[in-house]
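What you are looking at is a predicted structure, and each value in this text was computed from that prediction instead of being measured.
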Amino acid sequence: MAMPDLCTEEEVRYLVHTFYAKVHEDADLAPIFNAHVKDWDAHLAKMVDFWSSTLRGTARYRGTPMPKHAQLPKLNPDLFKRWLELFHRTTHTLDNARMRERADMLAPRIAESLWYGYQMYNDPANLPGRLEP
């Protein structure tokens, strides 16, 4: 659903950069991201495109995140939950309530989808578990 009036590009950029600054400092997530993200500027630009597409309907994002996430070693539900916790901490700093509500609604779906795909790729013989709060 395209929602170009939901937020501005500057708000999307703020969300992404503020969130990933938290990730970059997090004891659990930073080692994973730092080991696999070789060009932070390119990664942040791609994430701005992703969230702009997701929140504003700009359709700028071009990519397939599932294969990259599925190949990461030793992910577990707690890491996805930590990602969500940091994301929600970031959205709670946003002045734009509509953007915050939409991002907070979409983030768990995204995390759940990536976790599900990760499990299917790494342990296809077992039914994937859900991310429980």
Side-chain angles (χ1 to χ4, degrees):
M1 171 201 281
M3 299 179 74
D5 296 333
L6 178 71
C7 56
T8 66
E9 284 298 314
E10 292 78 22
E11 289 173 312
V12 172
R13 188 176 190 288
Y14 173 84
L15 169 64
V16 169
H17 284 255
T18 303
F19 168 66
Y20 279 101
K22 287 177 175 53
V23 167
H24 206 56
E25 295 174 0
D26 187 74
D28 296 323
L29 296 178
I32 296 164
F33 278 84
N34 290 332
H36 298 284
V37 175
K38 302 304 178 204
D39 183 344
W40 274 97
D41 290 337
H43 182 71
L44 291 172
K46 186 172 282 233
M47 293 300 92
V48 168
D49 285 348
F50 174 82
W51 283 102
S52 178
S53 295
T54 303
L55 294 170
R56 303 187 72 234
T58 60
R60 285 200 325 252
Y61 178 74
R62 298 285 183 259
T64 52
M66 188 64 72
K68 290 181 181 183
H69 287 83
Q71 294 175 15
L72 294 173
K74 300 179 183 173
L75 297 186
N76 62 61
D78 290 337
L79 294 169
F80 284 85
K81 291 175 190 176
R82 181 67 179 153
W83 182 93
L84 279 170
E85 180 184 339
L86 293 179
F87 189 83
H88 290 310
R89 277 191 202 169
T90 305
T91 59
H92 283 41
T93 68
L94 301 176
D95 292 331
N96 183 333
R98 289 181 58 229
M99 177 186 180
R100 178 177 56 248
E101 290 166 8
R102 180 91 174 139
D104 281 346
M105 187 231 357
L106 293 171
R109 293 179 186 179
I110 292 164
E112 183 81 28
S113 174
L114 290 172
W115 174 235
Y116 187 88
Y118 181 82
Q119 293 174 92
M120 291 297 293
Y121 179 84
N122 289 284
D123 193 8
N126 291 312
L127 286 175
R130 296 187 53 96
L131 282 178
E132 299 299 330

*Asks:* Within the structure provided, determine whether Ser52 and Glu9 are in side-chain contact (heavy-atom separation under 4.5 Å).
*Replies:* yes
*Asks:* Rounded to the nearest 0.5 Å, what's the gap from CD on Glu112 to CG on Leu84? Could you check?
*Replies:* 9.0 Å
*Asks:* Determine whether Asn122 and Gln71 make a side-chain contact, defined as any pair of heavy atoms from C-beta on separated by less than 4.5 Å.
*Replies:* no
*Asks:* Yes or no on salt bridge (Lys or Arg N to Asp or Glu O under 4.0 Å) for Arg82 and Glu85, after CA distance, side-chain angles and deciding distance?
*Replies:* CA-CA 5 Å; Arg82 181 67 179 153; Glu85 180 184 339; 2.9 Å; yes
*Asks:* Is there a path of hydrophobic side-chain contacts, each under 4.5 Å between heavy atoms, that joins Phe80 and Met120?
*Replies:* no
*Asks:* Check this for me: Asp95, atom CG, are more than 12 non-hydrogen atoms of other residues, nucleotides or ligands nearer than 6.0 Å?
*Replies:* no
*Asks:* Answer yes or no: does atom NZ of Lys74 have more than 12 heavy-atom neighbours from other residues, nucleotides or ligands under 6.0 Å?
*Replies:* no
*Asks:* So which heavy atom on Pro73 is nearest to which on His36, and how close?
*Replies:* CD-NE2, 3.8 Å
*Asks:* Among Phe87, Tyr14, Phe19, whose ring pair (Phe, Tyr, Trp, His ring centres under 6.0 Å) with Trp51 holds?
*Replies:* Phe87
*Asks:* Which atom pair, heavy atoms only, marks the closest approach of His92 to Arg100?
*Replies:* CA-CD, 3.9 Å
*Asks:* Using 0.5 Å steps for rounding, measure from the OG1 atom of Thr54 to the CE atom of Met47.
*Replies:* 9.0 Å
*Asks:* Answer yes if Ile32 and Tyr121 sit in the same cluster of Ile, Leu, Val, Met, Phe, Trp and Tyr residues linked by side chain heavy atoms under 4.5 Å apart, and no otherwise.
*Replies:* no
*Asks:* Could you state the interatomic distance from OG1 (Thr91) to CG (Asp104), rounded to the nearest 0.5 Å?
*Replies:* 3.5 Å
*Asks:* Quick one: do Leu79 and Leu86 end up in the same hydrophobic cluster if we chain Ile, Leu, Val, Met, Phe, Trp and Tyr together by side-chain heavy atoms under 4.5 Å apart?
*Replies:* yes
*Asks:* Can you tell if the side chain of Val48 reaches within under 4.5 Å of the side chain of Arg60, non-hydrogen atoms only?
*Replies:* yes
*Asks:* With a 4.5 Å heavy-atom cut-off, do Pro108 and Leu131 have their side chains touching?
*Replies:* no
*Asks:* So, for Trp83 and Phe33, is the gap between ring centers shorter than 6.0 Å?
*Replies:* no
*Asks:* Where is the tightest heavy-atom contact between Asp28 and Asp26, given as atom of each residue plus distance?
*Replies:* N-OD2, 3.0 Å
*Asks:* Using side-chain heavy atoms (C-beta onward) and a distance below 4.5 Å, is Leu6 in contact with Glu11?
*Replies:* no
*Asks:* CG/Leu15 to CG/Leu94 distance, rounded to the nearest 0.5 angstrom?
*Replies:* 5.5 Å
*Asks:* Does Asp49 offer a backbone N or O that forms a donor-acceptor pair with the side chain of Ser53 under 3.5 Å?
*Replies:* yes
*Asks:* Run the numbers on Arg56 and Met3 for side chain to side chain contact (heavy atoms under 4.5 Å, CB included), then give the verdict.
*Replies:* CA-CA 5 Å; Arg56 303 187 72 234; Met3 299 179 74; over 6 Å; no
*Asks:* Aromatic contact between Trp115 and His69, with the criterion being ring centroids under 6.0 Å apart: yes or no?
*Replies:* no
*Asks:* Does a sphere of radius 6.0 Å around OH in Tyr61 hold more than 12 heavy atoms from other residues, nucleotides or ligands, not counting ones at 6.0 Å or beyond?
*Replies:* yes
*Asks:* For the rings on Tyr20 and His43, is their centre-to-centre separation under 6.0 Å?
*Replies:* yes
*Asks:* I need the Leu44 CG to His24 NE2 distance, nearest 0.5 Å.
*Replies:* 9.5 Å
*Asks:* Let's go through Arg98 and Cys7 carefully: what are the C-alpha distance in whole Å and the side-chain angles of both, what is the deciding distance for side chain to side chain contact (heavy atoms under 4.5 Å, CB included) to 0.1 Å, and is it a yes or a no?
*Replies:* CA-CA 8 Å; Arg98 289 181 58 229; Cys7 56; over 6 Å; no
*Asks:* Check the hydrophobic clustering (I, L, V, M, F, W, Y; side-chain heavy atoms under 4.5 Å; chains of links allowed) and say if Met105 and Tyr116 are grouped together.
*Replies:* no
*Asks:* Taking the side chain as C-beta and beyond, is there a heavy-atom pair between Phe50 and Leu55 under 4.5 Å?
*Replies:* no
*Asks:* Tell me the closest heavy-atom pair linking Gly117 and Ala70, and the distance in Å.
*Replies:* O-CB, 4.4 Å
*Asks:* Is Pro67 close to Thr64 at the side-chain level, that is, under 4.5 Å between some pair of heavy atoms?
*Replies:* yes
*Asks:* Can you tell if the side chain of Asn96 reaches within under 4.5 Å of the side chain of Thr8, non-hydrogen atoms only?
*Replies:* no
*Asks:* Please check: side-chain N/O of Gln119 versus main-chain N/O of Gly129, any donor-acceptor pairing under 3.5 Å?
*Replies:* yes
*Asks:* What distance separates Thr93 OG1 from His88 NE2, expressed to the nearest 0.5 Å?
*Replies:* 13.0 Å
*Asks:* Do Trp40 and Val16 belong to the same hydrophobic cluster, where Ile, Leu, Val, Met, Phe, Trp and Tyr are linked whenever their side-chain heavy atoms lie under 4.5 Å apart, directly or via other members?
*Replies:* yes
